[in-house]
Protein chains: 2
Amino acid sequence: MAKKILIVEDDQDIVDLLKYNLEKEGFKCYSASNGAEAVGVAMNKEPDLIILDIMMPELDGIETCRVIKSKPKLHDTFVIFLTARAEEYSEIAGFEAGADDYITKPVKPRVLISRIKAILSRKKDQHSISKIQHGDLVIDRDTFKVSIQNKHFTLPKKEFELLFLLASKPDKVFRRESILSKVWGTDVSVVDRTIDVHIRKIREKVGDEKIKTIKGVGYKFVL
Amino acid sequence: MAKKILIVEDDQDIVDLLKYNLEKEGFKCYSASNGAEAVGVAMNKEPDLIILDIMMPELDGIETCRVIKSKPKLHDTFVIFLTARAEEYSEIAGFEAGADDYITKPVKPRVLISRIKAILSRKKDQHSISKIQHGDLVIDRDTFKVSIQNKHFTLPKKEFELLFLLASKPDKVFRRESILSKVWGTDVSVVDRTIDVHIRKIREKVGDEKIKTIKGVGYKFVL
DNA sequence: TGTCAAAGTTAACAGAATGTTAACAGGATT
DNA sequence: AATCCTGTTAACATTCTGTTAACTTTGACA
């Protein structure tokens, strides 16, 4: 299946150039001309990678990147910054904001493509684990299905993400702050009691014994 | 052990808003209305985190940040910048000056608080070895498990921290004051007897022989 | 050996942290 | 439009840690 790439850039000429070259390489392309639009498209299309111009009116690239990275759904999306050479320290701020790479203008399509391929191949090695299987527990990201002890169910998204996180490292204690930032993202403002409620709902389904509370710290999943 | 936060902002309304919300969350707040004052208060109170408005007369936020970061005593203090959206690339200069995060005005208290908590929790994660293993003793921060001589248990937080500290250097004598500041923090006021009680509880679990008292000095963990 | 500060011990308490339930808003679906 | 479902918050209940106080024991030193 073709990898999806979102190009965010206000200069239509550059968009066209990139689009042409990327599609020739078999990528599926989307584009947006400003930060706000970019976030919308990203949420909608869930691209594998986003090419983000730093210089943009309104919501600039860095801020956009931050917003994107704060969405749990897009947390693993790769981001490449496009930057004019003059903008000296942009890469510093960019990496801080969670960028995976940056490329200086003028863009040479060949360079861009080789960088993109390099980055996308990282993904294979790293995360994108879509299935967890420990003992009688099976959690499948693709189908959002969970089965444990002959019980099967599909969890709502947030519950699923939370369980997936905990079960990704059985026995490891995840502290509440860490859970919040990983499942809910850093920018959201949810009361931390929200975690308890979700834990409650998960416990109702997978059984109380499976999730253990470490008071003052957080929760852990046990087999 | 309330974390100390210094708010540097010339608009008194914002100071009040932030102060109100932060104190509600249990933070101890100080404030300063300009850069010079900020440095003074910072040196004096040694806050854990500083919220710094970028736009200030005289010594602006970025310059103030530099000065602060140049003081060894304050080098590890976290800094969050407050910036109006209009000041486009301020964050670049800000990060360069050593900021840890920045937030755009208007400030939403909840967002601010979740960022603050995220940042403060970073510190914890950093300088902590997560596993101690000496002979038949295993203490694992990740799982909060302690096992010794075929006995396993999960300790409450304070007991865990205390045992973890002592066991981090077997045979080393930790003086009471040192234990207090490391486990309880510097700005709390707990009665001295509290340590004994915790030692007692730990001894009940790991065995009396493991923790030895050095009268007039403190305690040490022996294998 | 007697004295006194330091540490041990126990129980009781307060408050923090979490559990639990219900209600509600907003989005998706029918 | 009516209904369902999710995510969130609020309100209240419950559990358990951390701390204190009061009392006892230990051990160093005169």
Side-chain angles (χ1 to χ4, degrees), chain A residues 40 43-44 71-73 144 146 153-163 165-166 173-177 179-180 182-185 187-220, chain B residues 1-3 24-27 108-111 113-114 117 144 146 153-163 165-166 173-177 179-180 182-185 187-220:
Chain A
M43 287 300 282
N44 203 332
K71 310 282 183 189
K73 194 168 151 187
F144 272 52
V146 176
F153 28 72
T154 41
L155 295 180
K157 202 163 72 179
K158 279 272 146 61
E159 291 172 38
F160 184 88
E161 296 294 348
L162 178 48
L163 177 59
L165 175 68
L166 295 178
V173 179
F174 289 84
R175 23 188 90 253
R176 292 170 150 267
E177 316 101 62
I179 291 175
L180 259 189
K182 284 183 180 146
V183 177
W184 275 265
D187 262 11
V188 291
S189 52
V190 289
V191 154
D192 98 345
R193 299 328 302 307
T194 302
I195 295 179
D196 306 45
V197 177
H198 281 83
I199 289 286
R200 172 87 224 306
K201 291 176 180 165
I202 295 174
R203 277 176 172 154
E204 274 176 357
K205 291 159 191 165
V206 305
D208 281 9
E209 342 72 50
K210 291 296 173 181
I211 295 174
K212 211 174 154 190
T213 305
I214 312 296
K215 236 182 167 171
V217 187
Y219 297 93
K220 72 175 179 179
Chain B
M1 50 177 184
K3 295 287 184 185
K24 212 168 59 179
E25 286 290 319
F27 295 106
K108 293 178 191 155
R110 283 213 182 142
V111 171
I113 285 166
S114 81
K117 287 185 172 169
F144 258 77
V146 176
F153 28 71
T154 45
L155 297 179
K157 201 163 76 175
K158 278 272 148 58
E159 291 173 38
F160 184 89
E161 297 293 350
L162 177 48
L163 176 59
L165 174 68
L166 295 179
V173 179
F174 289 83
R175 26 187 83 257
R176 294 171 147 265
E177 317 100 64
I179 292 175
L180 259 189
K182 283 182 180 147
V183 177
W184 275 263
D187 41 24
V188 285
S189 53
V190 290
V191 150
D192 194 40
R193 219 101 296 286
T194 302
I195 295 179
D196 306 49
V197 177
H198 280 84
I199 290 286
R200 171 87 226 306
K201 290 177 180 165
I202 295 174
R203 278 176 171 155
E204 274 176 357
K205 290 160 190 165
V206 304
D208 281 9
E209 343 72 53
K210 291 295 174 182
I211 294 174
K212 212 173 155 189
T213 304
I214 314 297
K215 227 177 169 172
V217 188
Y219 298 92
K220 72 173 180 179

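We name chains A, B, ... by the order of the sequence lines, and we start the count at 1 in each one. What you see is a predicted model, and the numbers here were worked out from it, not measured in a lab.
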Using only heavy-atom distances, decide whether a donor-acceptor pair under 3.5 angstrom links the side-chain of B:R193 to the base of D:dA21.
no

Contact under 4.0 Å: B:R176 side-chain N or O vs C:dA7 OP1/OP2
yes

Out of A:K205, A:H198, A:K201, which one pairs with A:L155 under the side chain to side chain contact (heavy atoms under 4.5 Å, CB included) rule?
A:K205

Do any side-chain nitrogens or oxygens of A:T194 fall under 4.0 Å of OP1 or OP2 in D:dT8?
no

Could you state the NZ-C1' distance from B:K158 to C:dA16, rounded to the nearest angstrom?
11 Å

Does B:T213 place a side-chain N or O at less than 4.0 Å from the phosphate oxygens OP1/OP2 of C:dA6?
no

Looking at B:E204 and B:R200, is there a salt bridge between them, counting it only when a charged N and a carboxylate O are closer than 4.0 Å?
yes

Could you check how far CG of B:D192 sits from C1' of D:dA22, rounded to whole Å?
16 Å

Greater than 12 external heavy atoms within 6.0 Å of B:K212's NZ:
no

Assign A:Y219 to base, sugar-phosphate, or nothing according to its heavy-atom contacts below 4.0 angstrom with the strands shown.
sugar-phosphate

Interatomic distance, B:R175 CZ vs C:dA7 C1' [rounded to whole Å]:
16 Å

B:K220 atom NZ is separated from C:dA7 atom P, nearest whole Å, by 15 Å

Please examine the side chains of A:F153 and A:V206, heavy atoms only from C-beta on, and report whether any two atoms are closer than 4.5 Å.
yes

Nearest whole angstrom, please: distance from the C1' of C:dA11 to the NZ of B:K201.
11 Å

Taking CZ from B:R200 and C1' from D:dT20, how many angstroms apart are they, rounded to a whole number?
16 Å

How long is the line joining NZ of B:K215 and P of D:dG27, in whole Å?
7 Å

Atom pair distance, as rounded to whole Å: CD1 in B:I214 and P in D:dG27:
12 Å

If we check side chain to side chain contact (heavy atoms under 4.5 Å, CB included) with B:I199, which of these qualifies: B:L166, B:L163, B:T194?
B:L166

B:W184 side-chain N/O to D:dT19 phosphate OP1/OP2 under 4.0 Å:
yes

